[in-house]
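Proteins get letters first, then strands, A, B, ... in listed order; numbering begins at 1 in each. Predicted, not measured: the structure shown is a model, and the values here were computed from it. Values below: all heavy atoms of this structure, side chains included; hydrogens, waters and symmetry mates excluded.
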Amino acid sequence: MEYDFRAIENNWRKFWAANKTFKVTEDTSKPKYYVLDMFPYPSGAGLHVGHPLGYIASDIYARYKRLQGYNVLHPMGYDSFGLPAEQYAIQTGQHPALTTEENIARYRDQLDKIGFSFDWDREVRTSSPEYYKWTQWIFKQLFDSWYNPKTNKAESIDTLIAIFEFQGSSGVELVILTGDIEKDVMPFSAEEWKAFSEKKKLEILMNFRLAYLGESYVNWCSALGTVLANDEVVNGVSERGGHPVERKLMKQWSMRITAFAQRLLDGLGTIDWSESIKETQRNWIGRSEGASIRFSVLGHEHSIEVFTTRPDTVFGVSFVTLAPEHELVEKITTESHKNEVLSYVEKAKNRSERERQADVNTISGVFTGAYVKHPFTNEKVPVWVGDYVLVGYGTGAVMAVPAHDERDFKFAKHFGLSCKQVILPSTEHNIQEAAWTEKEGKIINSDFLNDLTVKDAIRKAIEQITSNGFGKGRVNYRLRDAVFGRQRYWGEPIPIYYKDEVPYGIKEVDLPLTLPEVDKYLPTEDGEPPLARASNWKHENQFEYELSTMPGWAGSSWYFLRYLDPKNENEFVGRDKVEYWKNVDLYIGGSEHATGHLLYARFWTKFLFDRGLISFDEPFQKMINQGMILGRSSFVYLVIGENKFVSYSLKDNFICAPIHVDISMVDNDKLNIEAFRNWRPDYKDAEFICEEDGSYICGNEVEKMSKSKYNVQTPDELVEKFGADTLRMYEMFLGPLEQTKPWDTKGINGVHNFLRKLWRLFHDSESKVSISNEAPTKESLKTLHKTIKKMTDDLDRFSFNTGVSNFMICVNELTEQKCNNKQILTELIIMLSPYAPHISEELWVKLGKQPGTISTAQFPLFNEEHLAESSFDYPVSFNGKMRFKVNLSLSLSPKEIEVEVLKMDESSKWLEGKTPKKVIIVPGKIVNIVV
RNA sequence: GCGGAUGUGGUGAAAUUGGUAGACACGCCAGACUUAGGAUCUGGUGCCGAGAGGUGUGCGGGUUCGAGUCCCUCCAUCCGCACCA
């Protein structure tokens with residue numbers, strides 16, 4: 001029987017589905033292992049060969065762990081809320097749920113063809129009410145929680161109420177961590193608190209909730225009609241669609257992720273992720289240490305608080321700059337400067353993010369006419385407004401030290417402001433030409449800081465600032481609170497209703513708050529979100545619901561927990577389940593989620609941990625980011641002005657333009673001219689200038705896979721042509737998992753031929769099964785155990801590509817040995833089954849085993865004895881260059897080896913009569929002779 | 001500008017701790033076979049050279065008996081962040 005992969009794969013797919021081979025339950029007799037893929041958004045385009053790359057790797061690892069005796073959880077689901085389905089709905093009127101359903105069916109079909117060992121009974125879909133009930137429930141927990149800076153964890157809002165009832169806010173160092181400016185709470189006593197109206201109490205509490213409604217600058221995208229989180233804005237335009245984004249002061253639901261900034265940073269030290277992702281998260285969190293200093297405004301009760309990382313340069317301050325949006329700008333500007341300042345602020349506000357970013361080199365600003373008092377010298381310091389100061393970072397105000405900050409320097413030069421040097425540079429430097437920004441040198445002109453090093457001066461300055469009450473040491477984070485509301489239809493409704501304009505959380509028994517039906521998926525005429533179109537949609541038939549929905553990352557921030565207990569109707573996850581499975585051991589997915597999903601999931605996990613709902617505070621212990629697979633585009637060359645195409649090698653003789661041609665019409669760079677003619681009516685009568693052999697050769701280029709480049713390779717076609725096992729192995733064989741690599745179908749034959757060669761090991765020349773029951777030869781045992789060792793090592797370090805070549809070497813050797821030994825082949829096939837499960841199942845049965853039991857067989861154990869050698873082919877080097885080899889017994893001592901080697905004819909040739917200066921012998925490795 | 005990663009044949013790549021550079025494949029060359037199959041088998045294939053041999057892991061230096069691997073300088077490519085005080 002020939003290797004009929006279509007029949008084989010079809011049979012085993014059915015077998016696994018019918019027998020639920022990969023269904024898994026908690027089993028305390030086995031250690032657990034949780035292997036997770038980033039679940040896909042089911043888009044209308046379906047999967048291309050790049051998508052399953054990570055799934056194949058995780059599936060191999062999951063199967064490997066099963067063979068090692070672990071109880072492996074390996075689930076799959078869909079991140080099924082999202083923009084494309086909604087936009088399709090706007091265009092066609094088709095309900096997004098329907099589109100989503102269809103896309104999921106297609107995805108499932110594609111995934112099934114590749115033979116993954118998912119436990120499909122655990123599938124989750126973020127858009128199903130059974131799932132989002134619990135997304136809403138977690139939102140409500142966040143709404144009902146605050147971050148206690150004293151205990152450094154999230155607590156129930158009740159503990160805050162208890163504090164207020166007991167002692168009010170006075171005497172308690174309570175801060176609102178808005179992430180922007182720390183404001184002291186309006187002081188009140190316990191008695192006052194108790195006397196406040198319910199509305200007033202709730203307003204105060206809103207300042208503390210982890211999910212809160214607050215006014216802040218948000219990214220508003222008018223083209224999409226919604227706000228966006230920072231990670232959804234790339235280079236000043238929306239990540240999806242590339243629409244312009246502006247900053248707008250709006251009341252929005254937000255998540256107080258900033259409260260967790262330090263723990264999100266610290267946690268990175270405890271998880272096994274790539275350095276680049278960890279670094280990206282560190283950048284995103286952007287911790288910087290320094291001080292906040294208050295400068296009191298002359299003639300006002302106000303004071304300006306600045307944040308600086310260089311308190312050592314405080315004596316070098318020559319002006320203070322406010323961001324145009326800073327709330328004090330309006331209040332302190334003097335009458336004579338009002339017009340100028342207001343028009344500057346107006347102009348700055350109307351500039352989009354993108355314009356502002358594109359224009360970083362233009363210096364602009366305006367004097368307010370106001371002055372502040374320098375806290376130490378009491379000198380008058382002018383206050384300016386400048387758009388190089390960002391309202392969202394630090395306090396939105398800076399103390400400008402032109403001598404030691406590049407931007408301050410440029411600003412001062414541009415406006416002719418004074419400049420005072422306070423650090424003596426440690427190397428040659430002209431302070432007139434550029435700022436000295438290094439943290440090196442000696443402090444001068446600075447009273448009590450004089451003669452200190454920068455490092456010591458920073459410490460001393462903070463000390464003095466604090467003891468004089470001018471400010472304090474402060475850690476600042478770049479991280480902003482995450483905007484959580486979206487003015488869209490296809491997302492989880494935020495479980496909030498309004499009574500007397502105050503938001504209330506919906507009671508748990510009333511969840512889920514399901515998406516209402518609407519007539520259109522567009523905003524209303526008055527600019528309200530689509531949910532405003534729902535008729536009779538009121539809480540208890542009288543209270544308005546919140547009309548925003550949750551962002552895409554809500555459902556994906558906790559889905560890994562729902563897999564543990566997907567059908568639980570009473571809890572988001574059962575206590576016993578989460579205690580058994582705990583967090584994800586291995587997470588595989590793309591690195592594009594570094595500052596989005598991966599940060600939010602960590603945040604929610606830490607929150608759930610604090611609230612005692614789970615027992616770990618990092619979701620993904622180890623993560624591997626698979627690289628992108630690039631497409632290989634093919635080109636034909638159209639002679640300009642003619643309907644004539646010229647072959648690749650002749651194209652330079654003409655003036656021609658390359659045109660993308662569908663790769664399905666190209667085989668090994670050779671164009672199928674007939675297919676091309678039929679592609680487009682214009683090409684029907686085209687002329688072709690071919691190579692000498694009459695073929696038309698296409699050019700090619702490696703670029704991102706996309707429909708418009710006609711270079712998309714779908715897994716379905718390849719499964720049809722070569723089988724799933726070949727596709728799985730080939731995707732792994734392509735190169736290291738984490739690397740970006742070009743897709744090239746040419747090499748797939750090599751892997752396919754390997755599987756055929758393997759098949760032949762089990763069959764005789766008449767294609768009949770032929771397996772020997774005799775004892776294996778020493779040689780075959782050596783081949784086998786060499787492979788066991790390499791396979792184990794390679795899988796343990798996720799080197800899937802070298803794993804494939806190990807199998808090739810093994811099968812090549814066994815073929816040479818004409819080995820059809822049952823024992824050898826059995827162990828080989830167990831090792832192969834994670835990579836090529838279908839053929840392995842088939843051959844397993846041919847070896848006389850029970851169908852389906854290979855997935856729970858025991859992974860072969862390496863026995864060193866079979867590799868024992870009595871001699872070794874020593875490479876002999878002269879001055880580090882390998883010259884010849886000599887086979888010597890491994891029992892020889894270094895001295896004996898030296899004698900043996902030196903008396904050889906080959907040696908005397910290279911010694912040229914000289915005596916060796918030195919002979920290095922590493923037993924079992926190398927001989928090096930220094931002449 | 002800051003940070004991260006990567007540079008090895010015609011191509012994808014391998015070399016886990018410093019120890020035979022290019023495993024395994026693709027492609028190509030030569031040959032065999034034939035039930036003409038994206039089949040199988042044999043041999044060859046880094047570069048220069050007829051050969052002996054020389055040379056070779058982005059460039060230049062260093063450490064070492066020995067460097068793709070460690071250290072320093074530089075170059076190139078990709079990714080992330082960026083007026084962040």
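Between A:His752 and A:Phe722, the angle of the ring planes goes over 60°, which puts this pair in the perpendicular group of the 30/60° scheme. Between A:Phe872 and A:Tyr874, the ring planes lie perpendicular to each other; the angle is over 60°, past the 30° to 60° tilted range. A tilted orientation is assigned to the rings of A:Phe884 and A:Phe878, their planes being inclined by 30° to 60°. In this structure, A:Tyr730 and A:Phe733 have tilted ring planes: the angle between them lies in the 30° to 60° band.
With hydrogens and angles left out, the side-chain atoms of A:Glu305 and A:Thr395 include no donor and acceptor closer than 3.5 Å. Under 3.5 Å, the side chains of A:Glu703 and A:Ser633 contain a donor-acceptor pair of N or O atoms. If you check the side chains of A:Asn806 and A:Lys786, you find no donor sitting under 3.5 Å from an acceptor. A side-chain N or O of A:Gln713 and one of A:Thr745 form a donor-acceptor pair less than 3.5 Å apart. There is no side-chain donor-acceptor pair under 3.5 Å between A:Ser805 and A:Thr802. With 3.5 Å as the limit, one finds a donor-acceptor pair spanning the side chains of A:Thr258 and A:Asp481. Checked by atom type, the side-chain pair A:Gln281/A:Thr595 shows no donor-acceptor distance below 3.5 Å.
Remark: C1' of B:C26 and OH of A:Tyr730 are 7 Å apart, rounded to the nearest angstrom. Rounded to an integer number of Å, the gap from A:Phe878 CZ to B:U20 P is 17 Å. Rounded to whole angstrom, the span from the NZ atom of A:Lys917 across to the P atom of B:G66 amounts to 11 Å. Spacing between atom CZ of A:Arg632 and atom P of B:G27 amounts to 12 Å, rounded to whole angstrom units. If you take CG of A:Asp873 and P of B:U20, they are 13 Å apart, rounded to a whole angstrom.
Listed by residue number, the members of residues 786-799 of chain A with any heavy atom below 4.0 angstrom from RNA chain B are A:Asp793, A:Arg797.
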Just the table, please: protein N/O against nucleotides 54-61 of chain B N/O, every pair under 3.5 Å.
| unit_1 | atom_1 | unit_2 | atom_2 | d |
| --- | --- | --- | --- | --- |
| B:G54 | OP2 | A:Arg883 | NH1 | 2.9 |

Pairwise N/O distances under 3.5 Å, protein to nucleotides 36-41 of chain B:
| unit_1 | atom_1 | unit_2 | atom_2 | d |
| --- | --- | --- | --- | --- |
| B:G38 | O2' | A:Asn749 | OD1 | 2.9 |
| B:G38 | O6 | A:Lys721 | NZ | 3.1 |
| B:G38 | N2 | A:Asp667 | OD1 | 3.3 |
| B:A39 | O2' | A:Arg756 | NH2 | 3.1 |

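Between B:C65 and B:G60, the distance separating the two C1' atoms is 24 Å to the nearest Å. The C1' atoms of B:G4 and B:G51 are separated by 50 Å, rounded to the nearest whole Å. Across the C1' atoms, B:A82 and B:C71 are found 31 Å apart, a figure rounded to whole Å. Comparing the C1' positions of B:A15 and B:A25 gives an interatomic distance of 16 Å, to the nearest angstrom.
Picking from B:A14, B:G27, B:G4 the nucleotide with the shortest atom distance to the side chain of A:Lys746 gives B:G27. Nearest nucleotide to the A:Lys741 side chain, out of B:C65, B:A13, B:U20: B:A13. Checking B:A52, B:C24, B:G19 against every side-chain atom of A:Asn812, the shortest atom distance belongs to B:C24.
Phosphate contact (OP1/OP2 of B:G19, side-chain N/O of A:Asn928, threshold under 4.0 Å): absent. Side-chain nitrogen and oxygen atoms of A:Gln739 include at least one within less than 4.0 Å of the OP1 or OP2 phosphate oxygen of B:A13. A sub-4.0 Å separation between OP1 or OP2 of B:U20 and a side-chain N or O of A:Lys885 is absent.
Using a 4.5 Å cut-off on side-chain heavy atoms (C-beta onward), A:Trp384 and A:Phe411 make contact. Under the 4.5 Å side-chain criterion, counting only non-hydrogen atoms from C-beta, A:Lys789 is not in contact with A:Glu864. Contact check for A:His763 versus A:Lys768: no side-chain heavy atoms found under the 4.5 Å cut-off. Side-chain contact between A:Tyr393 and A:Arg478 is present, with heavy atoms from C-beta onward closer than 4.5 Å.
Within 4.0 Å of A:Lys278, counting heavy atoms only, lies no atom of the nucleic acid at all. A:Ser805 comes within contact range of at least one nucleobase, with a heavy-atom separation under 4.0 Å. Residue contacts for A:Ile920: at a heavy-atom cut-off of 4.0 Å it reaches a base atom on one of the strands shown.
Atom CG of A:Asp873 has more than 12 heavy atoms from other residues, nucleotides or ligands within 6.0 Å.
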Seminar exercise, completed: Parsed dot-bracket for RNA chain B after applying the Watson-Crick and G-U rules with both distances under 3.5 Å and | for other-strand partners is (((((((..(((......[....)))((((((.......))))))(((....)))..(.(((..]....))).))))))))....
Problem set entry | Under 4.0 Å protein heavy-atom contact, by nucleotide of nucleotides 80-85 of chain B - B base, S sugar-phosphate only | BSSBBB
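When each of A:Ile277 and A:Gly880 is assigned the nucleotide of RNA chain B bearing its nearest heavy atom, the one mapping closer to the 5' terminus is A:Ile277. Toward the 5' end of RNA chain B, the nearer of the two residues A:Asn879 and A:Met808, judged by each one's closest nucleotide, is A:Met808.
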Side-chain donor/acceptor pairs under 3.5 Å, residues 315-322 of chain A, sequence neighbours excluded:
| unit_1 | atom_1 | unit_2 | atom_2 | d |
| --- | --- | --- | --- | --- |
| A:Ser318 | OG | A:Ser418 | O | 2.8 |
| A:Thr321 | OG1 | A:Tyr388 | OH | 3.3 |

